[in-house]
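When a ligand or atom number is given, it counts from 1 through the structure's own listing order. All values below were derived from every heavy atom in this structure, side-chain atoms included, with hydrogens, water molecules and symmetry-related copies excluded.
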Amino acid sequence: MTDIPKSHPRYASLVARERVTEGVKMGFTSSQGLIAQGRGECFDYLLGERTIPSARAATRAAAALLLLAEHPALSVNGNVAALVAEEMVALADALKIPLEVNLFHRTEERVKKIADLLREKGAKEALGEHPDISVPGLDHARALATRGGIYDSDVVLIPLEDGDRCEALLAMGKKVIAIDLNPLSRTARKATVSIVDNILRAVPHLTEQVRQLSELHRTDLEMIVREYDNEKVLRDAVQEIQDHLERQFKKDTN
Ligand code: PTJ
């Protein structure tokens, strides 16, 4: 990997770029994943590369949903594996559930590499290598699912996902949690809870919230979910972008 000095003002962003590139070289991230990362970087830049307050509220609601679920599930693709494999394992551990590999650009080799990586990072169970059923309404390899995993879940986390799969999972009656830096994406607009934050920050925050909220009673968790407003969260994210750009512009012209 390129040696990036910690003093570089965009250190975190450059390290993320290196990790996705490394994922492609190792064969678990798709080459299209580089483009997705570029798109994410752009939105992160517009948001000021920080966790905005509405993303914290979404993360709290997501944790409450996962804790209330009978069968929560966590989906992992090539970008997620490159950026937060260890952190996803920690989240799965906190919830005591397996992870499931699900790919848009599916090859059996990539699925195996990602499942192996997750196991190497300590995952007790990584599903996805032996799909036995399909999510209805998706005429594509990303429809492949596993009984006992995403297919039977009532709440599913789908980080960096496309809109079709989000809609198909919702149509099955599931509650869907998205992590997507683009507040205007179809996924973010359709999901039950959309965390508009970089996955690098979002997953550790989510695990922290799961641990904290696990002390609460169901009625308190239900209230967090009831009071959550996804449209407001997305509007806030767009406003944060506008405000951040305004501040930048003023700083540059002063
Ligand atoms: O590994 P595969 O084959 O399943 O493919 C995975 C990718 C990500 C390539 C595939 O799902 C894809 O093409 O995704 P999209 O449609 O480009 O959507 C990715 C979304 O994630 C976009 O809205 C990006 O803004 C967002 N995104 C990208 N990087 C990050 C991100 N959101 C949060 N954190 C990031 N680091």
Side-chain angles (χ1 to χ4, degrees), residues 10 12-52 55 58-59 62 74-85 87-88 99-115 117-118 126 128-129 131 135 138 140-145 150 156-169 176-191 193-206 234 237-238 241:
R10 311 211 47 254
S13 167
L14 293 177
V15 168
R17 196 180 280 192
E18 286 294 320
R19 284 206 211 158
V20 178
T21 309
E22 190 64 15
V24 176
K25 281 191 205 147
M26 303 278 287
F28 48 80
T29 305
S30 67
S31 50
Q32 292 88 340
L34 293 168
I35 298 166
Q37 172 66 15
R39 186 141 57 129
E41 256 188 33
C42 175
F43 280 100
D44 206 13
Y45 183 83
L46 294 175
L47 282 159
E49 291 171 333
R50 77 215 146 99
T51 300
I52 59 174
T59 305
L74 307 173
S75 186
V76 177
N77 66 22
N79 285 49
V80 176
L83 291 168
V84 285
E87 291 82 353
M88 286 297 288
L99 293 152
E100 183 164 340
V101 183
N102 176 278
L103 301 182
F104 188 98
H105 310 281
R106 185 182 174 103
T107 68
E108 297 317 305
E109 195 193 346
R110 278 186 62 224
V111 175
K112 182 175 177 348
K113 281 191 177 176
I114 295 171
L117 174 76
L118 294 171
E129 288 168 287
V135 170
L138 288 176
H140 195 272
R142 75 210 137 128
L144 296 177
I150 289 171
V156 56
L157 172 71
I158 51 161
L160 283 58
E161 192 54 67
D162 80 299
D164 284 0
R165 183 156 174 259
C166 176
E167 283 184 310
L169 292 167
V176 174
I177 301 164
I179 299 176
D180 193 329
L181 275 160
N182 178 1
L184 303 170
S185 76
R186 202 149 46 95
T187 307
R189 283 186 288 125
K190 294 281 173 184
V193 172
S194 306
I195 303 174
V196 181
D197 200 7
N198 196 316
I199 192 171
L200 290 166
R201 298 185 295 266
V203 175
H205 286 162
L206 184 54
L234 297 181
V238 172
I241 290 176

In short, P131 meets L144 closest at the heavy-atom pair CB-CB, 3.8 Å
L103 backbone acceptor or donor facing R142 side chain under 3.5 Å: no
Check ligand 1 for N or O atoms under 3.5 Å from a protein N or O and list each pair with its distance.
| residue | atom | partner | partner atom | Å |
| --- | --- | --- | --- | --- |
| ligand 1 | 1 (O) | G78 | N | 2.8 |
| ligand 1 | 1 (O) | R110 | NH2 | 2.6 |
| ligand 1 | 3 (O) | F104 | N | 3.4 |
| ligand 1 | 3 (O) | H105 | N | 2.9 |
| ligand 1 | 3 (O) | R110 | NH1 | 3.1 |
| ligand 1 | 3 (O) | R110 | NH2 | 3.4 |
| ligand 1 | 4 (O) | F104 | N | 2.7 |
| ligand 1 | 11 (O) | L160 | O | 3.4 |
| ligand 1 | 17 (O) | R39 | NH2 | 2.9 |
| ligand 1 | 23 (O) | D180 | OD1 | 2.8 |
| ligand 1 | 23 (O) | D180 | OD2 | 3.2 |
| ligand 1 | 32 (N) | L181 | N | 3.2 |
| ligand 1 | 34 (N) | I199 | N | 3.0 |
| ligand 1 | 36 (N) | N198 | OD1 | 3.1 |

Considering all heavy atoms, the nearest N77-P159 contact: ND2-O, 3.6 Å
Flag the pair V203 / M88 as yes when at least one side-chain heavy-atom distance between them is below 4.5 Å, and no otherwise. yes
Would you compute the distance between atom CZ of R110 and atom NE2 of H105 and round it to the nearest 0.5 angstrom? 7.0 Å
So, does N182 use its side chain to make a donor-acceptor pair with the main chain of F43 at under 3.5 Å? no
